[in-house]
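Right, one structure below, let's go through it.
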Amino acid sequence: MEESRAHLRKVGKAIQIVMIILRVFVILMIVIGGILIFVPIFQPSAVDELKIGFEDNDFIAVQSVFNILEGTLELKYRFMIAGVLLVLGMVLMLFFLSKLQKLLKQITQEGTPFTREITDHMRKLSFLMFALVVFNIFVAVVAFLLMRFLLYIFEYGTYLQERADENSRIQEEMILSFAEITENKSEQTGKHVRRVAEYTRILAEELGMEKDEANRLRLASTMHDVGKLLVPAEILEKPARLTDEEFAEIKKHPGYGGKLLNDVEGDVMHMARTVALEHHERPDGHGYPDGKSGDTISMEGKIVAVADVYDALTSRRSYKQAWDEKDAYEEIVKGKGTQFDREVVEAFERAYPKINEARVALQDA
């Protein structure tokens, strides 16, 4: 996925260079149009030389508006009208290029390159190609046909994108349902996974992740406790304090989750496996199951660790009451650099208004 995005960014840079070249060409044509307008006014003697230049080019002589006006207007007025039309046509081309550049930027930089909105824009922009008729009829027709062909590609891409989005939606619903089954097994509500997922997305974006990457992590985070499916129910549901042996069994659930997701294909599932394995690891090395520390813990695991603990503190469980949100906030901040990654906690502090808003919106009934 990262290689694909890197390739798209390279394509985007190449397209930007092409667009610059086209803009220079269009500006040059505007200058030529200005010459056609002002030379007959300030240098009437140069009109005959301009005419010879036009007549020497058979393609222009046959196709241009300048030739169509022959016999109806004086030579200098023909040049002036042709110049005005050329300038207007090139101004429209500049408008078209700016719109096209914006669309191409969206295609190469965003997670969903083909959308119905882009297709509709392309359809409207294709008709601007007829502005080229003021310069050359043949060029205008060819440009219009090329744009319609490009539009067909966009429409097909949009169709495929919509199918992919629908498949992703179905997959997301299946993942969320599976995650809710996991939480229900331990007498937690399905809203726990949704809250953790939303906190995770907010933190990821605060840390500078692109929206599509943050959304994948949001979805992956819902599987963080999937390993609890293999933990005995009597331990998960015990209302009293756990014994050392029972807590040792609970601490195995990240490893269980890693094994359950080990052979599942897909970017989201690979990320989910990392999250399941590492969301109880700590920067100071006192976490579990592997006692990882510092940079050996993935950023995904560090983010979900904060999101999961904050929700655990502010939620009621069979063995405890929910903490006040201010006390839970202070507890997260107190763990900066020890239980939690310092950078993630700082992002938590900055984004806390959004996190608290999500907590309120998704709180249990």
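Under a 3.5 Å cut-off, the side chain of Glu281 and the backbone N or O of Asp290 do form a donor-acceptor pair. Between the Ser315 side chain and the Ala312 main chain, no donor and acceptor come within less than 3.5 Å of each other. At least one donor-acceptor pair under 3.5 Å links the side chain of Gln363 to the backbone N or O of Val360. Remark: side-chain polar atoms of Asp341 are paired, donor with acceptor, to backbone N or O of Val344 under 3.5 angstrom.
Proximity of the aromatic rings of His280 and His286 is defined here by a centroid distance below 6.0 angstrom, and this criterion is not met. In summary, the aromatic rings of His253 and His279 are positioned with their centroids under 6.0 Å apart.
Between Asp324 and Lys326 there is no salt bridge, since none of the side-chain N atoms of the basic residue sits less than 4.0 Å from a carboxylate O of the acidic one. Between Glu278 and Lys292, at least one side-chain N (NZ, or NE/NH1/NH2) sits under 4.0 Å from a carboxylate O, which counts as a salt bridge. Between Arg195 and Glu198 there is no salt bridge, since none of the side-chain N atoms of the basic residue sits less than 4.0 Å from a carboxylate O of the acidic one. A salt bridge is defined here as a Lys NZ or Arg NE, NH1 or NH2 lying under 4.0 Å from an Asp or Glu carboxylate O, and Glu357 with Lys354 fails to meet this definition.
Met271 and Met269 are not part of a single hydrophobic cluster, where members link through side-chain heavy atoms under 4.5 Å apart. Hydrophobic clustering (ILVMFWY, side-chain heavy atoms < 4.5 Å, transitive): Ile235 and Tyr288 are in distinct clusters. Val268 and Leu217 end up in different hydrophobic clusters when Ile, Leu, Val, Met, Phe, Trp and Tyr side chains are linked at under 4.5 Å. Hydrophobic cluster membership is shared by Val304 and Val333, with clusters built from Ile, Leu, Val, Met, Phe, Trp and Tyr side chains linked at under 4.5 angstrom. In the hydrophobic cluster analysis, where Ile, Leu, Val, Met, Phe, Trp and Tyr join through side-chain heavy atoms closer than 4.5 angstrom, Val275 is grouped together with Val306.
Closest of all the heavy-atom pairs between Pro283 and Gly337 is CB-O, 4.1 Å. Nearest heavy atom pair, residue Ala358 against residue Ile202, reads CB-CD1, 4.3 Å. Heavy-atom minimum distance, Ile30 versus Val87: O-CG2, 3.8 Å. Annotation for Leu203 and Ala347: closest pair CD2-C, 3.9 Å, computed over non-hydrogen atoms. Shown here for Pro254 and Pro289, the closest heavy-atom pair between the two residues is CB-CD, 3.7 Å. Taking every heavy atom of both residues into account, Ala307 and Val196 meet most closely at CB-O, 3.8 Å.
Atom OG of Ser221 sits about 11.0 Å away from atom CZ of Arg201, to the nearest 0.5 Å. Annotation: the span from Asp295 atom CG to Lys302 atom NZ amounts to 5.0 Å, rounded to 0.5 Å. Atoms OG1 and CG, from Thr274 and Leu261 in turn, are 9.5 Å apart once rounded to the nearest 0.5 Å. Taking CG from Asp311 and OG1 from Thr314, the interatomic distance works out to 4.5 Å, rounded to the nearest 0.5 Å. Here the CD atom belonging to Glu343 is positioned 10.5 Å from the CD atom belonging to Glu206, to the nearest 0.5 angstrom. Distance CG/Asn262 to NE2/His270: 8.5 Å, rounded to 0.5 Å.
Side-chain contact between Met209 and Ile303 is present, with at least one heavy-atom pair separated by less than 4.5 Å. Looking at Glu346 and Lys336, their side chains come closer than 4.5 Å, going by heavy atoms from C-beta outward.
More than 12 heavy-atom neighbours from other residues, nucleotides or ligands sit within 6.0 angstrom of CD on Glu234.
For the side chain to side chain contact (heavy atoms under 4.5 Å, CB included) with Glu325, the lone residue among Ile355, Leu313, Asn356 that qualifies is Asn356. Of the options Phe340, Tyr199, Tyr329, a ring-ring contact (aromatic ring centres under 6.0 Å, His included) to Phe348 is made by Tyr329 and by none of the others.
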task = Would you please test Lys252 and Val231 for side-chain contact (heavy atoms from CB on, under 4.5 Å) and show each step?
result = CA-CA 8 Å; Lys252 293 179 182 179; Val231 176; 5.9 Å; no
message = What verdict does the side-chain contact (heavy atoms from CB on, under 4.5 Å) test give for Leu230 and Lys259, after you've listed the backbone C-alpha separation in whole Å, the side-chain angles of each residue and the deciding distance to 0.1 Å?
response = CA-CA 11 Å; Leu230 301 182; Lys259 290 179 181 178; over 6 Å; no
task = Give the intermediate values and the outcome of side-chain contact (heavy atoms from CB on, under 4.5 Å) for residues Glu331 and Val309.
result = CA-CA 9 Å; Glu331 184 69 14; Val309 172; 5.8 Å; no
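Every salt bridge (charged side-chain N to carboxylate O under 4.0 Å, His left out) that Lys238 has, sequence neighbours left out, goes to Glu246.
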